[in-house]
Number of protein chains: 2
Amino acid sequence: MDLKLLSSLAVENDTKVVLVVMDGVGGLAGPEGKTSLEAAHTPNLDALAQSGVCGFHDPIAPGITPGSGPAHIGLFGYHPFQYLIGRGVLDTAGTPFVFEPGDMASRLNFATLAADGTISDRRAGRIPDEEGKRVTDLLAENIKEIEGVQVLLQHVKEYRAAAIFRAKQLDGRLCDSDPQKTGLKPLEVAPTQENPTSEAAKGARLANTFIARAKEVLAGEAKANFVMMRGFDIYDPLPNFCELFKWRACAVAAYPMYKGVAKLAGMRVIEEGQSTVEEELDLVKRELPNTDFLFLHIKKTDSMGEDGNFPGKVEAIEHFDRLLPRLVDLKPDVLCITGDHSTPCSLASHSWHPVPICIAAKTARVDGCQTFGETSFLTGGLGRIRSTDVIPLLLAHAERLMKYGA
Amino acid sequence: MDLKLLSSLAVENDTKVVLVVMDGVGGLAGPEGKTSLEAAHTPNLDALAQSGVCGFHDPIAPGITPGSGPAHIGLFGYHPFQYLIGRGVLDTAGTPFVFEPGDMASRLNFATLAADGTISDRRAGRIPDEEGKRVTDLLAENIKEIEGVQVLLQHVKEYRAAAIFRAKQLDGRLCDSDPQKTGLKPLEVAPTQENPTSEAAKGARLANTFIARAKEVLAGEAKANFVMMRGFDIYDPLPNFCELFKWRACAVAAYPMYKGVAKLAGMRVIEEGQSTVEEELDLVKRELPNTDFLFLHIKKTDSMGEDGNFPGKVEAIEHFDRLLPRLVDLKPDVLCITGDHSTPCSLASHSWHPVPICIAAKTARVDGCQTFGETSFLTGGLGRIRSTDVIPLLLAHAERLMKYGA
């Protein structure tokens, strides 16, 4: 669906729409032939399925496994191929850092360089937040510009930070310096083979100089004596989610990256404490009166899937199910529960499998689905849609889309 | 899915993928309200359906009936609109003929011309192979070039051959000379109305001169005293299937045209004897260790459908089912069984109906389908996909695709 056309149909009204993303919620059959969703005791999710329309969405296209960035971008209605966001921008967006269009951002991992010039620890012994912040500040004090280009540093978490080069007309299509394995030497940053532009050559030069100067600045550090750069990208603002769909949008998420992707879309992001689902739900209750669209992100389903922890994923789902009445009691006009992608415990990674989705609304054509799960949803009324269809459907169920044509 | 992007995600590993195409396998309800697949006793196909994910693919788009060429091209991942291959190239590709890019190929049917200048037999009495080969050689000896353009001849089967004009910059968008009915005069070859280019005009002139000279050369023949030309096309190589998807690919097929389309995609084609399914399976067993992707083509399901022979199609399906354990015993990581299109016996022709597909793999999200058939697959986990989604899904289930984006 063309965003401009969709936007031209959007109208304002008083409805409230809540989109809950249970990260990585879809799965594969576990020990007893059931997925985590099916093995979990979920009376509240089941009731929601009974009152709504259910089915699946493909995050990108059949067979394609998405990263978290493109998976969310798609759910927010932007085509993930057209709006690909690199890790450097995505990670930084989750911090208080304020981008300017054209900024080149790179993820910065503090690492330990051995005397022989090889990487002995790709995470600098997983230094804690305070330590990571201290060495980031140390770099910021000592490296303010390279070749006349302003260099900005932002701590992200533990051993992770971001470096931003504030120059117009850089090209961020660069290879990482991270060799991905310990015992190897760091790589030179260079333009990707397909895009050897002079702007990319300049970007690579800035990055390599930055790495060399960072090595000097960090020479006295025991663990974080080196940095590796990866996920180079140029910040190019997305069309604004609030303006496109003519609603106020707000994001509640515990993890920086999901706050980041919501911020990139132009949503208002709640920055304060929300480290548990209970805290997140308190914030949802507080913020819903001040917003029209609320994105709530639940992380633990994905973490447990990535760990291959089947009972853990079941418990994360049941935990959310127990809290779901707090959300239902807020009586949003449209309540959509889905995931950004599947994370089957048996694969312990993101996967391509279609993601269960349920849209509960007075305007939904209720199907016969009795339980919230992969097998049950096979006969759901939504069938198999694309993630980019979700926002148009939420707008429609909120009666926020005009008729197309006379 | 963009082929270049898909290719950029493909990685090598040790998995084996087998794609079985039961030509024309989908059908319509027969005498007892069941399709051929449903009427057939297929315990082995049913077991596969129970262990995999099932559904349908549309060969081209809803409502569109494909020829064998576009149907296979789509299954191999190439968009059939973007990569349309004409019959002239398709038929010739199934022979040992070696194309050069830019060759203009036309199917050549030997025919009988009556004294009044009308076609009395469009197949020259279905002359046998030896006879067809003799008259093809006769043409080759006598017509080596026209207007300085090299003319090459290749016998295909019985009364069918191919003529290839080796010139760069011809335009093959030409109308057939075959009037499609006996008792009519052959048509002049001419550029299609939509494409009256000067290159097409030259192509048409070469073709008409060829037909006139062939008539002189064949004047003494009792049956094959004339040729008709159809399916003009320019040979334009496809992106290589093995390079795109980073695997070794091999084709086992009994009929030349299916070997041809696999060869056009760049697969290694087994040329030797494989006239029965049993012989084909022997070759699969021999070749699987030397390949990563194996395409196995089963012809008889389509032939029986085209003949409107319902019991014959049931028997062709049951015959394959009895042999299926030989394939399962080879333990491919991904085993996909589908058709290239439907061929309902009641229509006695290819049709537009969605084609049943089952993907069996450890990584499949098993659905509740208990039997291999059109009604059962309606609640399958694949839903309704496009034929071009099949290769991405096979790669995904073989864990041969990297994550898209961070």
Side-chain angles (χ1 to χ4, degrees), chain A residues 26-29 33-35 55-56 58-74 80-81 83-91 107 192 194 230-231 233 257 260-261 341-342 344 346-347 349-356 374-380 382-385, chain B residues 1-11 17 50-58 77 79 245 334 336 354 357 359 361-370 376-406:
Chain A
L28 290 174
K34 291 179 172 178
T35 68
F56 294 90
D58 274 296
I60 310 270
I64 307 303
T65 296
S68 299
H72 277 83
I73 283 297
F81 290 151
Y83 299 99
L84 181 61
I85 298 170
R87 192 81 195 204
V89 167
L90 204 58
D91 276 9
R107 186 165 159 171
T192 57
E194 300 79 14
R230 47 192 293 210
D233 192 25
M257 208 191 71
V261 67
H341 52 76
S342 295
S346 57
L347 300 180
S349 68
H350 292 198
S351 81
W352 64 93
H353 300 90
V355 186
E374 289 86 345
T375 308
S376 160
F377 282 13
L378 287 174
T379 54
L382 286 176
R384 183 169 178 173
I385 59 175
Chain B
M1 181 81 203
D2 177 66
L3 271 182
K4 209 169 149 185
L5 179 57
L6 182 62
S7 177
S8 76
L9 300 177
V11 291
V17 177
Q50 289 161 25
S51 73
V53 60
C54 309
F56 294 91
H57 72 81
D58 275 296
H79 199 290
F245 305 126
V334 182
C336 174
I357 174 168
I359 301 175
K362 274 205 306 282
T363 52
R365 182 186 280 163
V366 176
D367 49 37
C369 295
Q370 295 297 306
S376 158
F377 281 13
L378 288 174
T379 53
L382 286 175
R384 183 170 179 170
I385 57 175
R386 294 287 166 98
S387 64
T388 47
D389 295 325
V390 173
I391 287 293
L393 282 167
L394 299 187
L395 287 164
H397 283 84
E399 298 184 76
R400 284 176 174 267
L401 287 182
M402 288 191 303
K403 190 160 69 174
Y404 172 71

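Naming convention: chains lettered A, B, ... in sequence-line order (proteins, then strands); numbering from 1 in each chain.
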Query raised in the report: Is Thr375(A) close to Asp367(B) at the side-chain level, that is, under 4.5 Å between some pair of heavy atoms?
Result: no

Minimal heavy-atom distance between Pro392(B) and Pro62(A), with the atoms involved, is CB-O, 3.5 Å

Output for pair (Ile60(A) CD1, Tyr404(B) OH), nearest 0.5 Å, gives 6.0 Å

Contact check, side chains of Val366(B) and Leu28(A), non-hydrogen atoms, under 4.5 Å: no

Applying a strict 4.5 Å limit to non-hydrogen atoms, the region of Pro80(A) in contact with chain B is both

Turns out that what part of Leu395(B) lies under 4.5 Å from chain A's heavy atoms comes down to neither

The interface call for Leu378(B) against chain A, heavy-atom contacts under 4.5 Å, is neither

Do Leu347(A) and Glu399(B) make a side-chain contact, defined as non-hydrogen atoms from C-beta onward lying under 4.5 Å apart?
yes

Distance col, row Trp352(A):CH2 vs Leu401(B):CG, nearest 0.5 angstrom, shows 8.5 Å

When the 4.5 angstrom heavy-atom criterion is applied to His350(A) and chain B, the contacting part is side chain

Applying a strict 4.5 Å limit to non-hydrogen atoms, the region of Ile391(B) in contact with chain A is neither

If one checks every heavy atom of Ala61(A) against chain B at 4.5 Å, the contacting part turns out to be side chain

Bottom line for Thr35(A): the part with an atom under 4.5 Å from chain B's heavy atoms is neither

Answer key: most heavy-atom pairs under 4.5 Å with chain B among Ala29(A), Gly86(A), Gly27(A), Gly33(A) is Gly27(A)

* Mark yes or no for whether Arg365(B), through its side chain, and Pro354(A), through its backbone, hold a donor-acceptor pair below 3.5 Å. => yes

Per-residue tally against chain A (heavy atom, under 4.5 Å) across Thr363(B), Val53(B), Val390(B), Leu382(B) peaks at Thr363(B)

Applying a strict 4.5 Å limit to non-hydrogen atoms, the region of Arg384(A) in contact with chain B is side chain

* **Side-chain (His397(B)) to main-chain (Gly63(A)) donor-acceptor, under 3.5 angstrom** => no

The interface call for Thr379(A) against chain B, heavy-atom contacts under 4.5 Å, is side chain

Bottom line for Pro59(A): the part with an atom under 4.5 Å from chain B's heavy atoms is neither

Honestly, the part of Phe377(A) sitting under 4.5 Å from a heavy atom of chain B is neither

